[in-house]
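Below is one structure, written out as structure tokens, with a few remarks after it.
A quick note: this is a predicted structure, and the numbers were derived from the prediction, not measured. Just follow the structure's listing: the first ligand is 1, and inside any ligand the first atom is 1.
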Amino acid sequence: MRIVVAARRDTALWCEALARALPDARVHAWPDAPGEVDFAAVWKPPPELFDRVRIRRAIANLGAGADALLGVTNLPDGVPIVRLVDAGMAEQMAEYVALAVLAAYREQHRYLRQQHRGQWAQRVRLDKRAFVVGLLGLGVLGRAVAAPLAALRFPLAGWSRSARAVEGVTVHAGDSGLDAVLAQSRVLVCMLPLTPDTRGLLDRARLSRLPRGAHVVNVARGPLLVDEALIGLLDEGHLASATLDVFGEEPLPPSHRFWHHPAITLTPHVSAATLIDVSAVQLGDTLRAIVRGDRVAGLVDRQRGY
Ligand code: NDP
Ligand code: OXD
């Protein structure tokens with residue numbers, strides 16, 4: 001089996017980890033690649049790779065979200081694309097979102113402001129039964145995030161394309177389903193893939209449907225959210241806070257208003273780091289299964305965009 005790896009960064013580490021996971025494979029680090037390989041393992045690959053190298057069996061996306069790969073205009077037709085499925089990211093995402101939800105519910109921001117003013121004031125506790133957490137996306141990450149929140153007894157309202165059953169979550173689908181989730185979410189967590197259907201989904205009209213004082217968490221992709229709409233609604237006091245891990249442009253430009261907005265907490269795309277060793281083991285199993293002709297998890301549907 002021959003594999004070419006183009007990972008944007010850490011290509012050498014990916015090559016070593018894949019060689020450990022697939023001891024019989026010949027692993028090439030782009031741009032040192034033969035004219036034909038069985039697999040390409042890539043993250044935001046240079047389009048030139050697809051002009052120079054024929055890929056016989058599949059392209060493996062070295063991340064969970066395949067939006068950047070699907071945006072490459074010269075992707076070879078008919079070659080299956082597989083993505084990482086969890087690979088250690090789901091637990092990290094559950095931690096990150098639980099932290100944001102608990103900070104919102106326990107009014108961490110208000111107590112911090114009080115502390116800075118030297119003010120001792122006990123606020124009336126929020127009623128958890130009315131503190132609905134809205135989960136946009138109930139895939140691998142959405143379901144992992146739901147579990148600890150359900151255990152903490154937050155009411156959960158979820159939204160997915162298909163109305164799938166998820167324990168502890170009242171599931172909605174379709175446009176009316178999205179409206180129902182927005183109308184009740186005190187914290188809205190976005191875990192949708194970036195596709196033609198979801199780009200710009202969280203615009204001013206939709207964010208305005210959140211209850212006054214709601215919090216927004218975006219851990220999926222920046223372009224799902226319209227930046228100016230979020231800032232406008234925070235400035236007007238309709239929204240209380242936002243926790244953002246992903247941005248339309250990364251690194252976030254120094255002049256972007258998000259950096260210094262008092263109601264925004266931001267992190268540099270770290271909510272769920274890609275764990276190279278765990279991911280390489282998963283990829284090893286997936287590539288071997290493809291060679292055997294078995295069904296594999298994580299096949300990307302190019303039409304749907306995820
Ligand atoms: P999945 O494919 O497992 O889940 C996607 C979910 O979104 C599914 O529930 C799907 O519905 C739903 N969905 C997709 N399109 C629509 C739509 N048009 N309307 C309603 N629901 C829709 O993906 P993952 O959970 O593994 O990952 C989600 C995203 O998280 C990734 O695409 C990536 O962009 C991002 N991510 C971010 C990371 C970070 O560090 N910040 C790390 C890892 C991922 P259905 O169930 O019906 O198919
Ligand atoms: C991913 C990511 O999609 O790191 O895996 O964002």
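A tilted orientation is assigned to the rings of H215 and F131, their planes being inclined by 30° to 60°.
Between the side chains of D51 and N74, a donor-acceptor pair is found at a separation under 3.5 Å. Judged by distance alone, the side chains of H172 and D179 never bring a donor and an acceptor atom under 3.5 Å apart.
Looking at E236 and R204, a side-chain N of the basic residue comes within less than 4.0 Å of a carboxylate O on the acidic one, giving a salt bridge. Classification of R20 and D277 as a salt-bridged pair holds, one side-chain N sitting under 4.0 Å from a carboxylate O.
At least one N or O atom of G65 sits closer than 3.5 Å to an N or O atom of ligand 2.
Heavy-atom contacts from other residues, nucleotides or ligands closer than 6.0 Å to CZ of R117 number more than 12.
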For side-chain hydrogen bond (donor to acceptor under 3.5 Å, both in side chains), just list the numbers for T243 and Y96, CA-CA rounded to whole Å, side-chain angles, deciding distance to a tenth of an Å, and then say yes or no.
-> CA-CA 10 Å; T243 302; Y96 187 98; over 6 Å; no
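The option with the heavy atom closest to atom 5 (O) of ligand 2, from among P193, A68, A64, is A64.
The shell of residues lying under 4.0 angstrom from ligand 2, judged by heavy atoms, includes R221.
Both L75 and V79 sit in one connected hydrophobic cluster of ILVMFWY residues. Membership requires side-chain heavy atoms under 4.5 Å apart, directly or through other members.
Scanning all protein heavy atoms for the shortest distance to atom 4 (O) of ligand 2 gives H269 NE2, 3.6 Å.
Contact residues of ligand 1 (protein heavy atom closer than 4.0 angstrom to a ligand atom; sorted by chain and number): A64, G65, R83, M89, M93, G137, L138, G139, V140, L141, W159, S160, R161, S162, R164, M191, L192, P193, D197, T198, V219, A220, R221, D245, V246, H269, S271, A272, Y306.
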